[in-house]
Each structure stands twice: as C-alpha cells, then as structure tokens.
Enquirer: 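Would you mind keeping the following structure in view while I ask a few things?
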There are 2 protein chains.
Amino acid sequence: MSKTVTGPEIERLIQLLAKLPGLGPRSARRAALHLIKKKDQLLAPLTRAMGEALEKVQLCDICGNVDTSSPCTICSDPRRDKSIIVVVEDVADLWALERAAVINGSYHVLGGVLSPLDGIGPEDLAISSLVGRVGNANSPVKEIIIAVNATVEGQTTAHYITDQLEGIEVKITRLAHGVPVGGELDYLDEGTLVAAIKSRSGF
Amino acid sequence: MSKTVTGPEIERLIQLLAKLPGLGPRSARRAALHLIKKKDQLLAPLTRAMGEALEKVQLCDICGNVDTSSPCTICSDPRRDKSIIVVVEDVADLWALERAAVINGSYHVLGGVLSPLDGIGPEDLAISSLVGRVGNANSPVKEIIIAVNATVEGQTTAHYITDQLEGIEVKITRLAHGVPVGGELDYLDEGTLVAAIKSRSGF
C-alpha cells in the first residue's frame, strides 16, 4: 500500500474504485480526484444513481438478466418470441446482442462458463434452470441458440449443455464462425480463416 | 447513443460511470455490471464511501489540497516546514510527492496550467493566492519549489509565476531534469538526454 496522504474517507474511496474492472490503483486515484473536483456535476448524481441501483436492481428469476423488475423487461414482454432462448455467458453478452437488435427471442444467462481450473462446475452455472425451462411439458421453446464465447471453455460449456438437453425435443444451434464484419484477413487467426472458408456461401 | 437494453436506472449509472477518467462507454458498462453483481461487496460500500466524500471532502483554503478539513492535514501540521512551498499543478501531483515522502514542506495547488488555447489564464489558477501567501510581511516562506510538469504549458506557467514573485525576497527553484530512475536511455527523448548530460555530476 502507498503512504496515506489524504484522509481515511478519500483513501477508502480510492480503494473501492480500484476494484472496478478497468481501473487500477493509479487510475482509481485519478477517478477519485475527478469525483471530488466535480462534486455537484458527477459525485452527487453518481452517488444517487448507485443508491438507486442498490435499491432497485435485481436478477431476473427466469433468465438471470439484470433489471429493476423480476421477471425482467425482456421476459415479461409479450412481443418477445418465447420459442427461442439465446443462451449467453454473461449479462454483458445479452446487452451486446440487444444492442445489435439481432433477435427478438428470450435469453438465459449462464453466469460464466465451465472452468475446472477455476473450480467452476455445472452446479455454479444456471444450467439446470435452463433444462427446467425447456424440459417441462408445456414449454414453448423450440430453439436454443447457444451464444457462448468462441473460447475453449465456452465450447466445452456448449457441449455440456447439449448433452444435458439430450432427450428433450428442441433444436440446438450455435453462432456461425467467420470473418468479423470489417475485419482484415491478415489479422485473423488460422482457425477463423478455416471456418470462414469452410462455411463460404454464394453471392 | 446505443439502444436502451436495461432499465433507466442502470442506463443512468452507466452514463455517469462513463464520465470517470479512464472509463469509456464500454468499460463503464462492464463496471456497472460488476457493481450490480457485487452489490454487497462493492456497490453498497462504494455508495457509502462516495456519500461520505460528498459530505466531508473540501478544498483547503490555504493550499488548495483536497481533504476532510480546511486548513488541510498538511497545512495544519506543526511538524511541516512552513518555509518551503512546493507549487504543483494538481492535487494528484501533491499526492505523488507525498507518496515519495521526498519533502516535508507545505504545498500550493495551482489547479492547472496557463493554456491560452483552452482559455485558461492567470485568473483561473491559484497564482494570486500564492503571491499573497509569500508576499505579506510576516510570511515564513523562504523557498518556492515550482514542481509543475515539464511540458510547454507547465514551463510557461513557471515563468509567469516567477515574474509575479519579482520583488519578493524568496528563493525560487525548479525540479531537476534528467534520466528517470530505472529509465533506459534508448527510450528517452533528446531534450531529456541533453539535460542529463548538461547537469551531469561526479560519483
């Protein structure tokens, strides 16, 4: 720890800010100073916004999304196609797909991926609740799109989920691999190039 | 603006977090999600810490330091050498010098540097209050160390301050230029190397 220069209040603020992803000890100090300098424009409204989030934000009991109501806005929206569930690792991925406005289905947030090295097993993820959503007799679900990251852990998790859903009549799909839109071939790894060639399509 | 995926509370939290230095829109989303996921471990204590800062933190009337009291801990410390004032651009610089524990004097925070392009003139900086601290008849100040950044604006500001202090009997010094400790010559600019050679010393 560095020498304490300021009062304990400011030190504590810096220490807590440093726990945010993307902020280290140095940038947390800068952020704390910025907050203190902009008391009225930033510190006060941010404190209020965090207080509101603390009070109101919760996890959706159905899909695991983060929202101010449970079921969340997406799960309780009648215009959403309940026959499709998009399975994602994290709420951030759900947000990314929603920003792309690419699909009007519902979601299921796993809360991570299988990772034996980190001690994360199936019981740590929302897999049994997914099976429960799909497996009951009057489930509307026709398709499960497994939209996990294209990492080893993600793909392992995808396979595990596919195994768990065996015997349930539901279509299971996964995201296409290929060249990212705007991507340059020169910068892509060989695995992506192989996938892009294999899945090539006509004009 | 991106499409609103979440409730207005979360969107507002993300927008405010994005105003922190070091956090962009994407990392602000990640930070907001992290806060929401760690409600008890992080969101609640950080909200409290910010509320405390909001309530208690203020600027020192003498030196411009940020603290929970005015005069600040440094200005009111009798063990501090009041004959030396270290002039810095920003509170962050004061903190950096205090962490280095390099000098036991007092400080004066300018609150920036002269920058005509940004519309920052002498009246926007705490320069007249510095002259006031040094200029009065029973001032204990014997030396002013101008510890501004080694930028063009910093050096311009240093010269301006020196001009303003003309006629007052006080020693004015500035930081040494040279090779940073641990620095590699290969990575240094020519100006630094010239300064390091010119100010070379015996072993």
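Residue numbers begin at 1 in each chain, while the letters A, B, ... track the order of the sequences.
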Enquirer: Suppose a student defines contact as a heavy atom less than 4.5 Å from any heavy atom of chain A. Which residues in residues 36-52 of chain B would they list?
Expert: B:I36, B:K37, B:K39, B:L42, B:L43, B:A44, B:P45, B:L46, B:T47, B:A49, B:M50, B:G51, B:E52
Enquirer: Which residue pairs satisfy the side-chain hydrogen bond (donor to acceptor under 3.5 Å, both in side chains) criterion with at least one member in residues 170-191 of chain B, sequence neighbours excluded?
Expert: B:E143-B:T173, B:D189-B:T192
Enquirer: At a heavy-atom distance under 4.5 Å, which candidate from B:A31, B:S69, B:S27 has the highest pair count against chain A?
Expert: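 Maximum pair count with chain A is reached by B:A31.
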Enquirer: Assess whether atom NZ of B:K82 is packed by more than 12 heavy atoms of other residues, nucleotides or ligands within 6.0 Å.
Expert: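 More than 12 within 6.0 Å, yes.
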Enquirer: Taking side chain as everything from C-beta outward and backbone as N, CA, C, O, which of these in B:L17 sits under 4.5 Å from a heavy atom of chain A? Side chain, backbone, both or neither.
Expert: both
Enquirer: From A:I10 CD1 over to B:W95 CH2, what is the distance, rounded to the nearest 0.5 angstrom?
Expert: 5.5 Å
Enquirer: Could you tell me whether B:E166 atom CD has more than 12 heavy atoms of other residues or ligands within 6.0 Å of it?
Expert: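 Open.
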Enquirer: Kindly indicate, with the supporting measurements, whether the criterion side chain to side chain contact (heavy atoms under 4.5 Å, CB included) is fulfilled by B:V57 and A:L13.
Expert: CA-CA 11 Å; B:V57 172; A:L13 180 61; over 6 Å; no
Enquirer: I'd like to know which of A:T68, A:L54, A:L20, A:L35 tops the heavy-atom pair count under 4.5 Å against chain B.
Expert: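 Of the candidates given, the most pairs with chain B belong to A:L54.
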